[in-house]
Enquirer: 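Please see the structure below; I have some questions.
Per chain, numbering begins at 1; letters A, B, ... match sequence-line order. Worth knowing before you read on, the calculation uses all heavy atoms, side chains too, and leaves out hydrogens, waters and symmetry mates. Computed from a predicted model, the values in this text were never measured in an experiment.
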2 protein chains.
Amino acid sequence: MNIYIEKNRKTKQLIQKTFMQILENKSFESITIGDITKTAQINRGTFYLHFKDKFDLLDQIEQRLFADLGKHIDELQSSYLSTHTFEKRQEHLAATLFSFIEMHSPILKIFLSDHGRAGFHIRFRDAFSEKVRFNLEKNKSINDNLKVPLEYFLSFITSAFLGLIEQWIRNGLDKTPQEMTSLYIDIISFIQKR
Amino acid sequence: MNIYIEKNRKTKQLIQKTFMQILENKSFESITIGDITKTAQINRGTFYLHFKDKFDLLDQIEQRLFADLGKHIDELQSSYLSTHTFEKRQEHLAATLFSFIEMHSPILKIFLSDHGRAGFHIRFRDAFSEKVRFNLEKNKSINDNLKVPLEYFLSFITSAFLGLIEQWIRNGLDKTPQEMTSLYIDIISFIQKR
DNA sequence: CATACCACTAAACAACATGTTGAACATTGA
DNA sequence: TCAATGTTCAACATGTTGTTTAGTGGTATG
């Protein structure tokens, strides 16, 4: 019964790998199950033994990505939570995120482009937003001085961040995560000086 | 020969209207040409007399939206360009945009959701970004003091703005364009105070 | 008034995509 | 060994796409 588990896992991985590969040259919408199974050299029916449909396939890849993102941020926050200033924590959060993006850039390059599935940037931002909310709510000085609803402020700041990431990816990752972190800090302090 | 032009125009409009209507309940990908023509009570072949395919139909609606957005911003800039301070111009730009969004919220609600087509928020941001770039490049004090590449700053600020818009729409337009403008200003000044 | 024209319809077409089924084959465990 | 189980496959019915061909009922024009 052991060889079956292995075989199943391998076929499922093959489908996911092949799918991602095709996604580099073709948009999600235009990819057919046949495209995937022909390239992977398996029967089309086999696909349906592993995934409900195209969307299920993408969902599983997406969700693994979001889970991984959450794990990274959680780890950071548990070790940094009260040992540093808010500004230092912000900086480390940015650095962690840019590193994460660099690590997953092959997938993100596709998901954030128009080759991906509609609404990805919203789902990504929501996953990210949840983590930032936790970080902000712990901070009294923010809750007290912020006049606008927290959800609006969160949308503003996480979208801005995501905008930087999208530009970075569009530029073919022309900078290191460290450079992106200082670029982020430079933009914030530029706004502050006006 | 005039009645023909009228008939053609009306059928084309009917297709677009019906399409937008269906888009409220069904995702772009899952809508078929048959869905549209059955609802509009026209022959399926007629669709192809007006549009190349589903994408062409959506493109034409998108492009009309972007053109309209550009027109609004251009009008604003030509009348305000050098008669006000940079901050006042920013505020009026924000107010203009929020009004535009409110006016087109039925379409934008769909296009920005996962019922729309992948990459819309990128195309929308690009259209918007071009106009803001023009505004920023005219301003010497920004070009001189900004250490980071303009494209990154543009991505940051236009994405942040789009984030506010998305949240606003998600909240079912719970505020007036005027309230959104002061909300925007409040967020900026909150960042400045830190 | 005849006729050429136009937007649209109806029906049929091949090509292709989808999701399901039952059969084939390999592996497992009693 | 052999029945049960797991994986894969070929074939099927169904639905969508974009094109084509023939035809309808109005409209313009000489």
Enquirer: Which angle, rounded to 10°, do you find between the first-five-pair axis and the last-five-pair axis of the helix from dA14(C)-dT17(D) to dA30(C)-dT1(D)?
Expert: 10°

Enquirer: Among residues two or more places apart or on two chains, list those pairs meeting side chain to side chain donor-acceptor pair (under 3.5 Å) that have a residue in residues 156-167 of chain A.
Expert: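 Output for this query lists R125(A)-S159(A), E166(A)-H121(B), E166(A)-R125(B), Q167(A)-N171(A), Q167(A)-S155(B).
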
Enquirer: Between C1' on dG26(D) and NZ on K10(B), what's the gap in Å once rounded to a whole number?
Expert: 15 Å

Enquirer: Salt bridge (Lys or Arg N to Asp or Glu O under 4.0 Å) with D53(A): which residues, sequence neighbours excluded?
Expert: none

Enquirer: Given atom CD1 of I3(B) and atom P of dT29(D), what is their separation to the nearest angstrom?
Expert: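 Whole-Å distance recorded here is 13 Å.
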
Enquirer: Side-chain donor-acceptor pairs under 3.5 Å in residues 98-109 of chain B, sequence neighbours left out?
Expert:
| unit_1 | atom_1 | unit_2 | atom_2 | d |
| --- | --- | --- | --- | --- |
| S99(B) | OG | A95(B) | O | 3.1 |
| H104(B) | ND1 | F100(B) | O | 3.1 |
| H104(B) | NE2 | D68(B) | OD2 | 3.0 |
| S105(B) | OG | E102(B) | O | 3.1 |

Enquirer: Compute the ring centroids of F156(A) and F161(B), then answer whether they are less than 6.0 Å apart.
Expert: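 So the answer is no for these two rings.
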
Enquirer: For E6(B) and dA28(D), give me the distance from atom CD to atom P, rounded to whole Å.
Expert: 12 Å

Enquirer: Can you tell me the distance, in whole Å, between the CD1 atom of I15(A) and the C1' atom of dT8(D)?
Expert: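 Whole-Å distance recorded here is 11 Å.
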
Enquirer: Ignoring hydrogens and angles, does a donor from either the side chain of Y4(B) or the base of dA28(D) sit under 3.5 Å from an acceptor on the other?
Expert: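 No pair found.
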
Enquirer: Roughly, in whole Å, what's the span from CG in N8(A) to C1' in dA26(C)?
Expert: 15 Å

Enquirer: Could you run down nucleotides 9-23 of chain D 5' to 3' and tag each one B, S or - for protein heavy-atom contact under 4.0 Å?
Expert: BB-----SBBB----

Enquirer: Of all residues at least two apart in sequence or in a different chain, which pass the side chain to side chain contact (heavy atoms under 4.5 Å, CB included) check with D126(B)?
Expert: R170(A), I122(B)

Enquirer: Please report, to 0.1 Å, the donor-acceptor pairs under 3.5 Å made by any side chain of residues 42-52 of chain B, with sequence neighbours excluded.
Expert:
| unit_1 | atom_1 | unit_2 | atom_2 | d |
| --- | --- | --- | --- | --- |
| N43(B) | OD1 | G45(B) | N | 2.7 |
| T46(B) | OG1 | N43(B) | O | 3.4 |

Enquirer: Send over the distance from H50(B) NE2 to dC6(C) C1', rounded to a whole Å.
Expert: 12 Å

Enquirer: Report the residues that fulfil side-chain hydrogen bond (donor to acceptor under 3.5 Å, both in side chains) with E87(B), sequence neighbours left out, ordered by chain and then residue number.
Expert: R194(A)

Enquirer: What is the distance from NZ of K7(A) to C1' of dT8(D), rounded to the nearest Å?
Expert: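 Going from K7(A) (NZ) to dT8(D) (C1'), I get 7 Å.
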
Enquirer: Output yes when a side-chain donor or acceptor of K54(B) lies under 3.5 Å from a complementary backbone atom of I31(B), and no otherwise.
Expert: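 Yes, K54(B) side chain to I31(B) backbone: donor-acceptor pair under 3.5 Å.
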
Enquirer: If you look only at pairs with a residue in residues 8-37 of chain A, which of them pass as a ring-ring contact (aromatic ring centres under 6.0 Å, His included), with sequence neighbours excluded?
Expert: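 Passing the test, one end in residues 8-37 of chain A: F28(A)-F55(A).
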
